[in-house]
Number of protein chains: 2
Amino acid sequence: MDKCDSAVILKQNGLKVTQQRLLLLDAIINTDKIFSALSLQDKVNDNMDLVTIYRILTVFLENKIIRDVISKDTTRFYELSCIHNPVHPHFVCRKCNNIICLNSLKNGYMSKFKEITGDNIVENVIIQFTGICSKCK
Amino acid sequence: MDKCDSAVILKQNGLKVTQQRLLLLDAIINTDKIFSALSLQDKVNDNMDLVTIYRILTVFLENKIIRDVISKDTTRFYELSCIHNPVHPHFVCRKCNNIICLNSLKNGYMSKFKEITGDNIVENVIIQFTGICSKCK
DNA sequence: AATAATATTGCAAATTATTTGCATTTATGA
DNA sequence: TCATAAATGCAAATAATTTGCAATATTATT
Ligand SMILES: [Mn+2]
Ligand SMILES: [Mn+2]
Ligand SMILES: [Zn+2]
Ligand SMILES: [Zn+2]
């Protein structure tokens, strides 16, 4: 499966191509897990300032390069939003604290949600299951 | 529509019936909105310590008297969990920041989720739509 | 009703994630 | 190359939540 190119994504969104944005976006593209500001800092060995990471994440969110996944214990988690990673539900195990990406809902389901969202304009859906994961039970 | 009795709920859960728990649970029962620790403090005019509120909310969560609804901007929001208020999705408007309770999903839907949750044991589902609410559009 | 044992509360201080201000550095296009 | 505006790093501020500990309230027992 081919991956997105970080420089291309930045340019497509009219963003300045800085070293820090490239490093961060590369790290994001090359992980299949969700991430927080802190977990990203660990991943990019460069000692990039946490403040810079927060600011870049804000820019990436505004440009929908990443999306909000979950807030767990007052920490925000995100994931890459691209053609290779469509919106999908997550499962949070309350024992091991792991967050598992689940398969996407079939299109029929998503459209069925319209019955309950009414006149509100839906831009994103977060579906989060909590419980005990198959490994922990 | 009749409401739950706070003292009864506390006793049913084997919890000590303290003034603070009664006050807080009454406030929770008598609101139809979701709440945070801070918004609850405003509601109970008694100048109850915020720390006490946090500790009581933890106890209420453990006993499933309340449930987690959403984390928005690093603030946790909860709502009453009782026969009068079954699990349901929420809509967060990114313009006015209002959080709207939506109608519950039909039982058929919930059971259909099993296809994607697999062997994990689901205890709770949080469904959160974001976008522009009907008033703001 | 008074007492004792134990859990809960309040206050001060700590922690954690995130944000802000400002001076310095970097990217970009003229 | 140079000018300009935007991005970054560092220090400090916020904001939500948690922890430690002494004082207090609840509940079961006398
Ligand atoms: Mn995922
Ligand atoms: Mn609700
Ligand atoms: Zn687990
Ligand atoms: Zn709105």
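Chain letters run A, B, ... following the sequence lines, proteins first, then strands; residues in each count from 1.
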Check: B/K137 and A/D119 side chains under 4.5 Å, non-hydrogen atoms: yes

Evaluation steps, side chain to side chain contact (heavy atoms under 4.5 Å, CB included), between B/L105 and A/F113: CA-CA 8 Å; B/L105 289 169; A/F113 282 144; 3.9 Å; yes

Could you give the [atom1]-to-[atom2] distance, from [X] to [N], as a whole number of Å?
X	N	atom1	atom2	answer
B/L22	C/dT8	CG	P	13 Å
B/R55	C/dC11	CZ	P	12 Å
A/L38	C/dT19	CG	C1'	16 Å
B/Q41	C/dG10	CD	C1'	12 Å
B/L23	C/dT8	CG	P	17 Å
A/Q20	C/dT25	CD	P	14 Å
B/L50	C/dG10	CG	C1'	12 Å
B/D49	C/dC11	CG	P	6 Å

Range on DNA chain D touched by chain A, heavy atoms, distance below 4.0 Å: D/dA5 to D/dT17

Can you tell me how far apart [atom1] ([X]) and [atom2] ([Y]) are? Round to the nearest 0.5 Å.
X	Y	atom1	atom2	answer
B/Q128	B/L102	CD	CG	10.5 Å
A/I34	A/D68	CD1	CG	10.5 Å
A/L50	A/Q41	CG	CD	4.0 Å
B/E115	A/Y109	CD	OH	4.5 Å
A/I28	A/Y78	CD1	OH	10.0 Å

CG/B/D42: more than 12 non-hydrogen atoms of other groups inside 6.0 Å: yes

NZ/B/K112: more than 12 non-hydrogen atoms of other groups inside 6.0 Å: no

A/R67 to A/V87 - nearest heavy-atom pair and separation: NH2-N, 3.5 Å

Identify all pairs in which a protein N or O lies below 3.5 Å from an N or O of nucleotides 28-30 of chain C, and state each distance.
{"from": "C/dT28", "atom 1": "OP1", "to": "A/V17", "atom 2": "N", "distance (Å)": "2.9"}

Given DNA chain D, 5'-ward residue of the pair A/T52 and B/Q19, judged by closest heavy atom: A/T52

5' priority, DNA chain D, between B/V51 and A/I53 [closest heavy atom]: A/I53

Steps toward side chain to side chain contact (heavy atoms under 4.5 Å, CB included) verdict (B/I65, B/L15): CA-CA 11 Å; B/I65 296 170; B/L15 299 172; 4.0 Å; yes

Sugar-phosphate only, base, or nothing, as touched by B/R21 at under 4.0 Å among non-hydrogen atoms: sugar-phosphate

A/Y54 vs C/dT18: side-chain N/O to OP1/OP2 distance below 4.0 Å: yes

End axis versus end axis in the helix from C/dA1-D/dT30 to C/dA30-D/dT1, the angle rounded to 10°, five pairs used at each terminus: 30°

A/S134, A/P89, A/C133, A/C93 screened by side-chain contact (heavy atoms from CB on, under 4.5 Å) with A/I100, the one that passes: A/C133

